[in-house]
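Nothing fancy with the numbering, it's 1 onward along the sequence. Note that these values count all heavy atoms, side chains included, but never hydrogens, waters or copies made by symmetry. As the structure is a prediction and not an experimental result, all values here were calculated from the model.
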Amino acid sequence: MTLEALEEFVIEVVNNQLNRRTHPQKDERSCEEVLATMDRIRWTPPPGSPTTLELLREERDF
């Protein structure tokens with residue numbers, strides 16, 4: 001790869017990143033659809049699992 005090709009590649013990557021930040025993609029889903037998806041993919045720990053507070057205390061006391 002030549003220096004010119006590398007420079008062109010870097011410029012292209014930077015421009016793509018800038019375009020993504022200035023023109024974010026629109027999500028066509030409704031708020032209800034997004035919340036339903038979040039509920040569907042949410043992980044729930046099994047019964048009897050330690051709480052996050054218990055895990056933090058265990059780690060602190062270690």
Tell me the salt bridge (charged side-chain N to carboxylate O under 4.0 Å, His left out) pairs involving residues 29-55, sequence neighbours left out?
-> Asp27-Arg29, Asp39-Arg42
Rounded to the nearest 0.5 Å, the CG atom of Leu56 sits from the CG atom of Asp61 at a distance of 10.5 Å
State whether the number of non-hydrogen atoms from other residues, nucleotides or ligands found under 6.0 Å of Gln17 atom CD is greater than 12.
-> yes
Quick one: CD on Glu8 to CG on Leu3, what's the gap to the nearest 0.5 Å?
-> 10.0 Å
Measure from the side-chain N and O atoms of Thr22 to the backbone N and O of Leu18, and report whether any donor-acceptor pair falls under 3.5 Å.
-> yes
Verify the cluster assignment for Met1 and Val13: are they in a single hydrophobic cluster under the rule of side-chain heavy atoms below 4.5 Å apart?
-> no
How would you list, by chain and number, every residue that makes a salt bridge (Lys or Arg N to Asp or Glu O under 4.0 Å) with Arg57, sequence neighbours excluded?
-> none
